[in-house]
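This report refers to the structure that appears directly beneath it.
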Amino acid sequence: MKIDDVMDVALRRGFIFPASEIYGGVSGFWEYGHLGTMVKRKWEDAWRRHFLKLDPNFYEISTTNIMPKAVFEGSGHLENFNDPLTSCKKCNQRFRADDIIAESTGKNAEDLTAEEMTDLIISGKIQCPKCKGALGEVNWFNMMFRLDIGASGGTTGYLRPETAQGSFISFKRMFEVLRNRLPIGLAIIGRVYRNEISPRQGFFRLREFNQAELQIFFDPDKFEEHEDWESVKDVKLRLKPLDTDDIIEMSCESFSDTYGIGKFYVYYMARTQEFYLEKLGLSRDMFRFRELSEKEKAFYNKVHWDVEVFMETLGGYKEVGGIHYRTDHDLSGHQAISKQKMQVNIDGKKFIPHVLELSFGVDRNFWTLLDVSYDKEDERTVFRFKPPMAPKTVAVFPLLNKPELISKAKEIYDLLSMVMETDYDKGGSIGRRYRRQDEIGTPYCITVDFDTLEKGTVTLRDRDTMNQDRIPVDSVLQEIVTRISS
RNA sequence: GCGGCUAUAGUCUAGUGGUAGGACGGAGGCUUCCCAAGCCUUUAGCGCGGGUUCGAAUCCCGCUAGCCGCACCA
């Protein structure tokens with residue numbers, strides 16, 4: 001199984017490993033080692049460079065991980081991020097109480113309290129669908145981690161389940177700071193927390209993870225347009241709509257027309273696809289947007305297509321991001337609870353801005369890079385990261401363990417390490433050292449030999465072709481920079 | 001959370017009640033002008049806790065974690 005092979009390298013070389021391992025670990029929590037941290041950082045940097053450049057009015061902010069309860073009343077998470085659960089007293093199976101009630105009585109139980117649902121189950125003599133046993137009382141299970149802020153009896157807080165709320169609660173001030181213009185974009189890259197009942201799938205479903213989200217605040221009357229539309233209108237999107245089981249390709253123009261989705265939304269689909277195919281280097285047939293059904297859609301979304309990548313390690317297309325038209329759900333919610341006006345006044349028109357959210361799971365994207373880059377050949381294992389994503393860009397070796405070669409190699413290492421991630425290795429045969437670098441995906445290796453001392457040249461070895469070029473020491477830096485950017 | 005299976009060096013693995021062994025990897029050295037070569041030295045392990053027993057990696061119980069199915073995934 002490929003997942004075992006990838007996980008083997010990931011553990012052995014220091015990409016990721018289970019959290020709190022020495023105490024037995026806790027399900028759903030993972031640590032990043034030195035190489036994983038670097039790949040994650042490089043993905044995040046690429047994300048920033050791509051998405052924050054899409055509009056001069058897009059910015060990154062940094063907000064708290066802990067927020068008071070009221071924030072999640074405003075966002076709707078306290079109400080919607082909760083599942084009412086009941087379990088069978090006989091076979092211990094757990095069920096969603098509202099589903100059980102709906103199935104058995106046809107009543108919509110979504111807005112009922114736990115007590116009301118318990119009463120309905122008792123009065124309706126609703127039994128366990130599996131074993132016909134009696135069902136116990138209904139309890140709410142909240143996916144958010146609750147905390148006490150301050151000494152006992154203080155304020156109740158929650159760890160944020162998404163970074164987005166940081167942008168919404170900062171909107172009023174940031175809109176003012178950014179001189180009252182729309183659209184504005186507020187991006188946050190950071191940790192989020194969800195108390196999953198049962199996280200599985202290795203690294204894919206986590207209880208603490210990282211998101212990169214960009215909230216774009218705009219005038220809803222302008223949902224049907226985008227000022228840069230011309231540059232994307234002929235771009236072919238890869239789509240998996242609800243009305244077909246196939247992946248289809250359609251230009252932005254005809255997609256917007258056919259499915260009646262505003263150009264403002266479709267524009268960012270095109271830019272997202274561009275990020276995956278061009279910046280991250282994924283092959284086209286691994287990528288698609290999938291339309292979500294009403295049932296699958298998050299409670300706050302009006303239009304929702306997920307970004308999916310085909311991953312062999314996980315056996316199919318998996319969600320790595322989503323493009324969410326959240327409307328004014330969040331700002332209106334916060335206005336209602338906080339009593340602060342979220343409405344803006346632009347050229348005399350007063351309205352609450354709508355939000356288009358570009359949301360990405362950083363850790364899932366990190367795993368995607370491992371999945372799609374992993375390659376096992378007869379003689380070697382290699383991560384074919386696109387060079388800007390590789391944890392190390394270059395490694396420098398003295399060909400032999402001789403003082404004069406070592407000192408020259410160190411000199412080159414010192415130079416390169418000032419501007420790029422550089423490794424230095426003198427241990428073992430030269431072939432072994434190349435393989436070590438292949439295994440962590442280092443695109444280039446520089447070897448110092450006796451010609452370096454005599455003629456001032458080194459060999460530059462390419463990860464993918466294993467070819468070597470002899471180049472002057474003086475041009476090493478420039479040559480690598482040129483190759484990375486090509 | 002339920003049911004089933006599982007847990008031995010960093011990784012993979014042998015070990016069914018009596019001295020934990022190997023492969024690969026790592027470190028140090030010798031050798032070596034370019035793709036996991038060879039030789040020497042070395043490193044490192046029975047998930048955690050309890051029980052049975054003269055004696056437990058091995059049998060029993062609990063916990064934790066992983067895998068598979070069910071449920072869950074806003």
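A quick note: this is a predicted structure, and the numbers were derived from the prediction, not measured. When reading the values below, keep in mind they use all heavy atoms of this one structure, side chains included, and skip hydrogens, waters and symmetry mates. Throughout, protein chains are lettered first and strands after them, A, B, ... in sequence-line order, and every chain is numbered starting at 1.
Atoms CG and OH, on A:D425 and A:Y413 in that order, are 11.5 Å from each other to the nearest 0.5 Å. Here OH of A:Y434 is found 6.5 Å from SG of A:C445. Values are rounded to the nearest 0.5 Å. In this structure, A:S417 OG and A:Y424 OH are separated by 12.5 Å, a value rounded to the nearest 0.5 Å.
Counting any heavy atom pair closer than 4.0 Å across all strands shown, A:D449 reaches a base atom. A:G202 comes within 4.0 angstrom of the backbone, heavy atoms only, and of no base. As judged by a 4.0 angstrom heavy-atom cut-off over every strand, A:T447 is placed among the base-contacting residues. Contact annotation for A:N401: base contact, defined as any heavy-atom pair under 4.0 Å involving a base atom.
Taking atom CE of A:M143 as the reference point, atom P of B:C73 lies 7 Å away to the nearest angstrom. Distance, A:H77 NE2 to B:C73 C1': 13 Å, rounded to whole Å. Atom CZ of A:F209 is separated from atom P of B:C73 by 14 Å (rounded to the nearest Å). Regarding A:R380, its CZ atom lies at a distance of 19 Å from the C1' atom of B:G25, rounded to whole Å. The CG-P distance, from A:N467 to B:C35, rounds to 13 Å in whole Å. Taking atom NZ on A:K402 and atom C1' on B:G29, their separation rounds to 13 Å, with Å as the unit. The nearest whole Å value for the distance from the CG atom in A:D438 to the C1' atom in B:G25 is 16 Å. Rounded to an integer number of Å, the gap from A:H34 NE2 to B:G26 P is 13 Å.
Summary of the strand contacts: A:E162 and A:E21 both lie near RNA chain B, and taking for each the nucleotide with the nearest heavy atom, the more 5' one is attributed to A:E21. Residue-to-nucleotide proximity on RNA chain B shows that, of A:S27 and A:E296, the 5′-proximal contact is made by A:S27.
Taking the ring centre of A:F310 as origin, the terminal cationic atom of A:R288 falls outside the region bounded by 6.0 Å and 45° from the ring axis. With A:Y325 as the aromatic partner, A:K302 does not meet the cation-pi criteria of under 6.0 angstrom to the ring centre and within 45 degrees of the ring axis.
Proximity of A:R13 to the phosphate of B:G26: no side-chain N or O atom is located under 4.0 Å from OP1 or OP2. Side-chain nitrogen and oxygen atoms of A:R436 include at least one within less than 4.0 Å of the OP1 or OP2 phosphate oxygen of B:G26. Taking only side-chain nitrogens and oxygens, A:S429 never comes nearer than 4.0 Å to OP1 or OP2 of B:C34. Remark: A:R432 is in phosphate contact with B:A37, judged by side-chain N or O atoms under 4.0 Å from OP1 or OP2.
The two residues A:G441 and A:A390 come nearest to each other via the heavy atoms O-CB, 3.4 Å. For the residue pair A:Y268 and A:F264, the shortest heavy atom distance occurs at CD1-O, 3.1 Å. Here the shortest heavy-atom pairing between A:F171 and A:M342 reads CE2-O, 3.9 Å. In plain terms, the two heavy atoms of A:A212 and A:I189 that are nearest each other are CB-CG1, 3.9 Å.
For the C1' atom pair drawn from B:U8 and B:A44, the interatomic distance equals 13 Å after rounding to whole Å. Rounded to whole Å, the P atom of B:U42 lies 39 Å from the corresponding atom of B:C54. Comparing B:A27 with B:A14, their C1' atoms are spaced 26 Å from each other, to the whole Å. Nucleotides B:U41 and B:U31, compared at atom C1', are 15 Å apart to the nearest Å. Across B:U52 and B:G66, the matching P atoms stand 31 Å from one another, rounded to whole Å. The separation of B:A57 from B:U16, taken at their P atoms, amounts to 13 Å, rounded to a whole angstrom. Between B:G4 and B:C60, the distance separating the two P atoms is 14 Å to the nearest Å. Rounded to the nearest Å, the gap between the P atom of B:C5 and that of B:G10 is 28 Å.
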* **Pairing string, 5' to 3', for RNA chain B - Watson-Crick or wobble contacts under 3.5 Å, brackets [ ] where pairs cross, | to another strand** => (((((((..((((....[..))))((((((.......))))))...(((((..]....))))))))))))....
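Only one option out of A:H324, A:E291, A:E357, A:E296 pairs with A:H304 in a side chain to side chain donor-acceptor pair (under 3.5 Å); it is A:H324. Each of A:R380, A:R463, A:R13, A:R432 was scored for a salt bridge (charged side-chain N to carboxylate O under 4.0 Å, His left out) with A:D438, with one residue passing: A:R380.
Each of B:G1, B:A65, B:G29 was ranked by its minimum atom distance to the side chain of A:V26; first place goes to B:A65. If you check B:U11, B:C35, B:U32 against the side chain of A:R435, the one that comes closest is B:C35. With B:G66, B:C34, B:A36 as the choices, the nucleotide that has an atom nearest any side-chain atom of A:L399 turns out to be B:C34. Closest to the side chain of A:E439, from the set B:C34, B:A36, B:C35, is B:A36. Comparing B:C34, B:G1, B:C35 by their closest approach to the side chain of A:M466 singles out B:C35. When distances run from any side-chain atom of A:R205 to the nucleotides B:A27, B:C72, B:C34, the shortest one goes to B:C72. The side chain of A:E379 sits closest to B:A36 out of B:G10, B:G66, B:A36.
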Tabulate atom names and distances for all N/O pairs under 3.5 angstrom spanning the protein and nucleotides 39-45 of chain B.
none

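Side-chain contact check for A:N365 and A:Y276: at least one donor-acceptor pair (N or O, by modelled atom type) lies under 3.5 Å.
Residue A:Y23 places no side-chain atom within donor-acceptor reach of the base of B:C48, judged by atom type and a 3.5 Å distance cut-off alone. Side-chain N/O atoms of A:T459 and base N/O atoms of B:C34 include a donor-acceptor pair closer than 3.5 Å. Side-chain atoms of A:R433 stay outside donor-acceptor range of the base of B:C35, with no qualifying N/O pair under 3.5 Å. In this model, no side-chain donor or acceptor of A:E196 finds a partner on the base of B:C73 within 3.5 Å.
Between A:P443 and A:F385 there is no side-chain heavy-atom pair separated by less than 4.5 Å.
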